Amino acid sequence: MISKTDDSIDTQDTSLPAEGSISETVVNDEEKINIKSPSSTEGLYNFSPEMFRTEISNYDDTAIYFRRYELLIEYASLRNPSVCPTGVYVMPALDDINIWYGVIFIHKGFYKGAVLKYRLDIPLSYPASAPSVTFITDTFHPLVDQKGRFAVEAKFSNWVAQRDHIVDLLRFLKASFKANVLDSLAEESCLNNQAYRMYHNEPQLFARLSEQCAKVSFADSVAFDDYPEGNTICFKPFSEAKFEEVFSQVREAAEATGLSTNRNMSTLEGVVSKIKKPVSDLN
């Protein structure tokens, strides 16, 4: 499933992808890659009982099933285009509902063009306790330490059940790459103090390093590797022929819906010419 929001944390997109597909319906940075996903929702929302049989001391079996059922409901709610952030993709692991894998596409700002893979771990005490987030992709950011751990507590210092939800964490995760959030961070809440000080004292150097972080994240050796076992979101390269096939389908869809104005098609062509360039050629 795809979750989408625009670059404003408070503004939500109204587009909804086809069920069972995880590919965008417009040509943008995401379409340089092909994201593999099941062809239907079977297996995403109908988890087998075997998947849930974990030995947990001091827990009643009924409570465990209800807790996991509620977690699935929260995950399913992310399909609502008015709920989940744009450019944020997330799916549960194949073998553990408490582990979700995802990727964030950054379209603007210091990290423009970044494709950042992450892992979200949901504790057994959730929703009383906050999930944790770890970036799989090397990420230079004030809230991310050298091991990839993201400072959830920078926003949720006091996580409250029924008030705070996973979607709120995903929104903050996406927003943390925007200038207004970077401006508002307190140094004591940051896990990378060097990045924090550089952002405030050496903004040009920070801009260069964040741009480098974005470029490296989209390199083939990074984007197509580093997939832990059970990760349900994987990237694979498009061949030139496949890319042209998909682009033709998007163009035909635009023409069929009356969206193929000269301005729209010019923008579409511009995006395509950009994302077909090798990463090393991007400035």
Side-chain angles (χ1 to χ4, degrees), residues 1-13 22 29-30 35 71 74-75 77-93 98-123 126-127 129-160 163-186 189-192 195-196 199 210 213-214 217-218 222-223 226 228 231-233:
M1 71 143 290
I2 294 185
S3 356
K4 301 182 62 174
T5 185
D6 66 11
D7 289 315
S8 169
I9 193 172
D10 297 321
T11 304
Q12 295 138 352
D13 193 11
I22 195 168
D29 287 347
E30 286 90 323
I35 308 175
L71 191 57
E74 185 166 355
Y75 171 69
S77 72
L78 298 177
R79 299 179 65 200
N80 188 329
S82 67
V83 172
C84 205
T86 306
V88 176
Y89 297 67
V90 63
M91 280 187 177
N98 297 303
I99 298 174
W100 295 8
Y101 288 103
V103 61
I104 300 177
F105 292 89
I106 309 297
H107 297 113
K108 296 180 180 179
F110 291 104
Y111 297 87
K112 182 179 180 179
V115 181
L116 305 173
K117 294 177 284 187
Y118 66 92
R119 167 175 165 155
L120 190 147
D121 289 87
I122 305 168
Y126 181 83
S129 302
S132 62
V133 175
T134 304
F135 279 95
I136 299 171
T137 306
D138 287 339
T139 304
F140 176 75
H141 190 282
L143 295 180
V144 181
D145 67 16
Q146 292 184 347
K147 295 183 178 180
R149 186 171 74 88
F150 178 77
V152 174
E153 59 275 10
K155 174 70 173 179
F156 304 97
S157 58
N158 182 29
W159 184 274
V160 178
R163 183 196 70 183
D164 301 320
H165 302 86
I166 292 174
V167 65
D168 299 311
L169 175 53
L170 294 177
R171 287 173 178 165
F172 177 60
L173 191 64
K174 176 72 181 292
S176 68
F177 292 90
K178 301 173 185 176
N180 63 329
V181 174
L182 289 167
D183 288 342
S184 67
L185 294 176
S189 66
C190 294
L191 299 179
N192 187 335
Y196 172 85
Y199 177 78
S210 57
C213 170
S217 75
F218 201 50
V222 177
D226 297 328
N231 190 352
T232 47
I233 300 180

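The structure displayed is predicted, hence computed values, not measured ones. Note: hydrogens, waters and symmetry copies are ignored here, and every other heavy atom, side chains too, is used. Residue numbers run from 1 in the order of the sequence given.
Contact between Phe140 and Ser210 at its shortest, heavy atoms only, is CD2-N, 4.3 Å. In this structure, Ile104 and Lys174 approach most closely via the heavy-atom pair CG2-CD, 3.8 Å. The shortest heavy-atom contact between Ser189 and Leu143 is O-CD2, 3.7 Å. Of all heavy-atom pairs between Val103 and Phe105, the closest is CG1-CE1, 3.9 Å. The heavy-atom pair separating Tyr75 from Met91 by the smallest distance is OH-CG, 3.6 Å. Closest of all the heavy-atom pairs between Tyr118 and Val88 is OH-CG1, 3.5 Å.
The line from CZ of Phe135 to SG of Cys213 is 9.0 Å long, rounded to the nearest 0.5 Å. In this structure, Leu185 CG and Asn180 CG are separated by 9.5 Å, a value rounded to the nearest 0.5 Å.
Put simply, the side chain of Leu170 reaches to within 4.5 Å of the side chain of Leu120, judged on heavy atoms. In this structure, the side chains of Leu169 and Lys155 stay at 4.5 Å or more apart for every pair of heavy atoms. Taking the side chain as every heavy atom from C-beta outward, Ile99 and Asp121 approach each other to under 4.5 Å. Val152 is not listed as a side-chain neighbour of Phe172, based on a closest heavy-atom distance of 4.5 Å or more. For the pair His141/Asn192, no side-chain contact is recorded, criterion being any heavy-atom separation below 4.5 Å from C-beta on. Side-chain contact between Thr139 and Phe150 is absent, with no heavy-atom pair separated by less than 4.5 Å. In this structure, the side chains of Tyr199 and Asp183 come closer than 4.5 Å at one or more pairs of heavy atoms. Using a 4.5 Å heavy-atom cutoff, the side chains of His165 and Tyr126 are in contact.
Of the possible polar contacts, none joining the Thr134 side chain to the Gly148 backbone as a donor-acceptor pair under 3.5 Å is found. Panel note: side chain His107, backbone Gly87; no donor-acceptor pair is recorded below 3.5 Å. The closest donor-acceptor contact from the side chain of Arg171 to the backbone of Val83 lies under 3.5 Å. A side-chain donor-acceptor contact under 3.5 Å links Glu74 to the backbone of Ile166. In this structure, Trp159 contributes its side chain and Pro131 its backbone to no donor-acceptor pair below 3.5 Å.
The side-chain contact (heavy atoms from CB on, under 4.5 Å) check on Ser129 picks up Pro123, Ser125, with sequence neighbours excluded. With sequence neighbours excluded, the residues forming a side-chain contact (heavy atoms from CB on, under 4.5 Å) with Ala114 are Ile106, Tyr111, Leu116, Ala214, Ser217, listed by chain and number.
No more than 12 heavy atoms of other residues, nucleotides or ligands sit less than 6.0 Å from atom CG of Asp138.
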